[in-house]
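Reading through the structure tokens given below for one structure.
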Amino acid sequence: MSSETKLASPSFLVSTSPHIRDNESIAHIMWHVNLALAPAALFSVYVFGLPALMTMVLCIAAAVVTEFLIQKWQGKLVTVSDGSAFLTGLLLAMNIPATLPWYMAIIGSVVAIGIAKHTMGGLGYNIFNPALIGRAFLLASWPIAMTKWPAVGAAVDGVSSATPLGILKMQGYGQLVESYGSQGDLYQSLFFGFRGGSAGETSVILLLLGGIYLIYRGYINWQVPVTMIGTVAIVSWVTGGDPLLNMMAGGLMLGAFFMATDMVTIPLTVKGQVIFALGAGLLVVLIRRVGGYPEGVCYAILLMNAVTPLIDRVVKPIKFGAGR
Amino acid sequence: MRNLFRGGIHPDDNKLATAKKPIFEASIPAKLILPVRQHIGAPCSPVVKVGDLVKKGQVIADTQAFVSAPIHASSSGKVTEIANYPHPVFGTCQAIVIETDGQDEWLEGLPVERDWKSLENKEIVGMIRSAGIVGMGGATFPAHVKLSPPPDKPIDTLILNGSECEPYLTADHRVMLEMAEKIIDGMHISMKVLNVTKGVIGIEANKPDAIEHFQKLLVGSDIEVVGLPTKYPQGAEKNLIVALTGREVPSGGLPMEVGVVVENAGTAVAIADAVIRGLPLIERVTTVTGSCIASPQNLLLRVGTTFAEAVNICGGFKEEPAKVIMGGPMMGMAQQTLDAPIIKGTSGIVALSAKEIHDGEERPCIRCGRCVSACPMGLIPRDFSILGERKLYEQAKTECNLLDCVECGSCVFVCPAKRKIVQYVKLSKAQLAAAAKK
């Protein structure tokens, strides 16, 4: 564009208002979510060693390559640079044991992107959180490998340990507290993340930091994690459990801040999102208490994903002029 | 600060370039182009012919329809052509072209001095119609119609819309600072006609000088000044009424349903001029701005001055703009050419560079909900783009309240997928209207 031209037969762009937009974009949002996950992800490498890093790289690479190939094959615009496939890969890696065999990690990512995301039409059209579908698929296919958790700092040696919720389920609360020394030690281990579990779910403090960053940027609504975690805490407490343990153990922090907030698969309105989070919280406690499996976050969120279209249909904002 | 309406957005207001610049009275152009359509309602027909000599303030186009307003010569000269010319809203439109004689001579008998307080309401409304006054905020609804509510709709409050929430525009801001007395007169005249005792001026907090100015002038008056939060679309009629009165205009209804009439600052000035001095609406204040304008200004322009002329008065372009808009960037109309004239509703000419209008490619909706939070009307804007894309216009209307959309553009502003939601809304409304005609 020359700066010399003055009123020389101008031909301007003509399009509908508005003529200005903010700087937000899908890629911007997705990469910021990846960034928010980074501290917890890096911490898992520190705690579980190189296998955690390997798993992460494999999951991310498999997710991105799968998306690239599918979009090429379908003749669609290739959008791997928007960070959403990267995010799915990273989230899956954080949701599985750091020492999961390499081919399982890859298959999980391929299922997440290929089936959960692209058979539905790609980003924006998928009903279920792709990373959680990948995880559910792996858990159904290789249940033993998926519940073999590396011990803290011992991943390389292949020594495995149970997760806090696993010990609670199998051996009871007394045994759990004893295995960590005291109740204070248990809480401390959970808060900082020195405990068994999926690669990226262990550090409550780092996941909180990432979550608060997303709330600050306006990418997620605080009501979702607060409702979900609060529901789990209150219902566990009312039913005679340890609310603090239930809040910090398992994948609740990761799930509540990073997957129950996945904009694609949750209701549109804040009110709907609160219902979603409430339902997910109740399901977490139900599965943990009654189910045969000590965890529950993954299935709780997936089940609520299935209800999302219904919630959206019922819960709508009150339109202006319809009376408040 | 009064209760906020729901939703809304906070774009950069970009008003610094012109907010402190006093209104500059532009010289009269050699040629005035006066389109016969300058308001919502019935278009006028020319009442002069080529070759006629006209005086400033002489009616040159009129119609008998109620929802309409006559058009006056904005300077003296000779009618040289009646032909189709570019129009800032309708593409092209029949226009009366006046070659000015430089005398700028008033029609005989103008201006006059009147004691308006002794006038009958009916006379006043007649004067406002004769003066061709329309809403000057951009919507151009004839003013005398607004001031003649049906008897079954009692009005108790007159609101002056001084929010000017569109980014870049400062015309109303300057009018409020420099013509505040006229605004107050115009409001009092409107209040007398409407038989109301309560007047409220709502001004966004980013114009503290205007708020202060009115507060000083209105000590002990029946008109109240209220500072409003700076949030787009604060100036949208329905949102403004909620903020100032707590009343919600029912869906599909007009402000009079809740006893309110809303007037723009420029309109109040025009009403004062018409009723007190007998002057028709032939000029207006327009903000010429945007990063591509060499020296942005608030100009007092004769209606009929071309955009090109207005831009030249402001030093031309320092950079070729990618888009030229009539009005603000949120709801204004993109212009194809600078040959179109200023009409009564031209609140601004905004010339934006490619960088400012960055659009981005449209992507599938990721359901982020930002449009839902931004919508001041309590709608789910994403649905309009999804249903519009699938041509399900009827469903958009019956299930998603398409007709409640005021096209403020807040949803598009915040959409990270760059979806052209307002475009789909306009398309869907047009398709429904076309289907209804069949």
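Just so you know, these numbers come straight off a predicted model, no measurement behind them. Just so it is clear: chains get the letters A, B, ... in the order the sequence lines come, proteins before strands, and each one is counted from 1.
Taking each heavy atom of A/Pro18 and B/Gly409 in turn, the nearest pair found is CG-O, 3.5 Å. Across B/Ala334 and A/Val14, no two heavy atoms sit closer than the pair CB-CA, 3.8 Å. Nearest approach of B/Cys368 to A/Met263, heavy atoms of both residues: CB-SD, 3.3 Å. Nearest heavy-atom pair, A/Ile20 versus B/Pro11, reported as atom, atom and distance to 0.1 Å: CD1-CB, 4.3 Å. The minimum heavy-atom distance linking A/Ser17 with B/Met330 is given by the pair CB-O, 3.3 Å. Taking every heavy atom of both residues into account, A/Phe320 and B/Val249 meet most closely at CE2-O, 3.7 Å.
Between A/Asp82 and B/Arg363, none of the side-chain N atoms (NZ, or NE/NH1/NH2) sits under 4.0 Å from a carboxylate O, so this pair counts as no salt bridge. Residues B/Arg370 and A/Asp22 are paired through a salt bridge, judged by an N-O separation under 4.0 Å between the basic side chain and the carboxylate.
Residue A/Ser84: no heavy atom, backbone or side chain, is found under 4.5 Å from chain B. Within the 4.5 angstrom heavy-atom criterion, no atom of A/Thr261 approaches chain B. Interface remark: B/Ile357 contributes backbone and side-chain atoms alike to the contact with chain A (heavy atom separation under 4.5 Å). The contact between B/Pro376 and chain A is made entirely by backbone atoms, counting heavy-atom distances below 4.5 Å. With a 4.5 angstrom heavy-atom cutoff, A/Asn126 does not touch chain B via any of its atoms. For A/Leu123, the parts sitting under 4.5 Å from any heavy atom of chain B are the backbone and the side chain alike. For chain A, the nearby part of B/Glu361 is the side chain; its heavy atoms alone come within less than 4.5 Å. With a 4.5 Å cut-off on non-hydrogen atoms, B/Val372 touches chain A through its side chain but not through its backbone. For B/Ile325, the part lying under 4.5 angstrom from a heavy atom of chain A is the side chain only.
For A/Lys271, the NZ atom counts as loosely surrounded, since its 6.0 Å shell holds 12 or fewer non-hydrogen atoms of other residues, nucleotides or ligands. Around the CG atom of B/Leu16, the shell of radius 6.0 Å holds no more than 12 heavy atoms that belong to other residues, nucleotides or ligands. Within a 6.0 Å radius of OH in A/Tyr216, no more than 12 heavy atoms belonging to other residues, nucleotides or ligands are found.
At least one donor-acceptor pair closer than 3.5 Å links the side chain of B/Arg367 to the backbone N or O of A/Ile266.
Of all the listed residues (B/Val258, B/Ile9, B/Ile380, B/Asn401), the one sharing the greatest number of non-hydrogen pairs under 4.5 Å with chain A is B/Asn401. The residue among B/Val414, B/Leu379, B/Ile421, B/Leu352 with the most heavy atom pairs within less than 4.5 Å of chain A is B/Val414. Note on B/Lys420, B/Glu399, B/Met331: by heavy-atom pairs under 4.5 Å with chain A, the leading option is B/Met331. For the set B/Gly327, B/Gly332, B/Ala417, B/Gly369, the count of heavy-atom pairs under 4.5 angstrom toward chain A peaks at B/Gly332.
No donor-acceptor contact under 3.5 angstrom links the side chains of A/Ser25 and B/Lys418, judged on distance only. A/Ser15 and B/Lys323 form a side-chain donor-acceptor contact under 3.5 Å, judged by distance and modelled atom types alone.
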Exercise for review: Determine, step by step, whether B/Arg6 and A/Ile318 satisfy the side-chain contact (heavy atoms from CB on, under 4.5 Å) criterion, reporting the C-alpha distance in whole Å, the side-chain angles of both residues, the deciding distance to 0.1 Å, and the verdict.
Suggested key: CA-CA 10 Å; B/Arg6 292 169 293 167; A/Ile318 298 165; 4.1 Å; yes

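Screening B/Val422, B/Val425, B/Leu427 against A/Thr16 for a side chain to side chain contact (heavy atoms under 4.5 Å, CB included) leaves a single residue, B/Val422.
Note: A/Glu24 CD to B/Phe413 CZ = 10.5 Å, rounded to the nearest 0.5 Å. For the atom pair NZ of A/Lys319 and OG of B/Ser251, the computed distance is 3.0 Å after rounding to the nearest 0.5 Å.
The shortest side-chain heavy-atom distance between A/Phe12 and B/Leu338 falls under the 4.5 Å cut-off. Put simply, the side chain of A/Leu268 reaches to within 4.5 Å of the side chain of B/Arg382, judged on heavy atoms.
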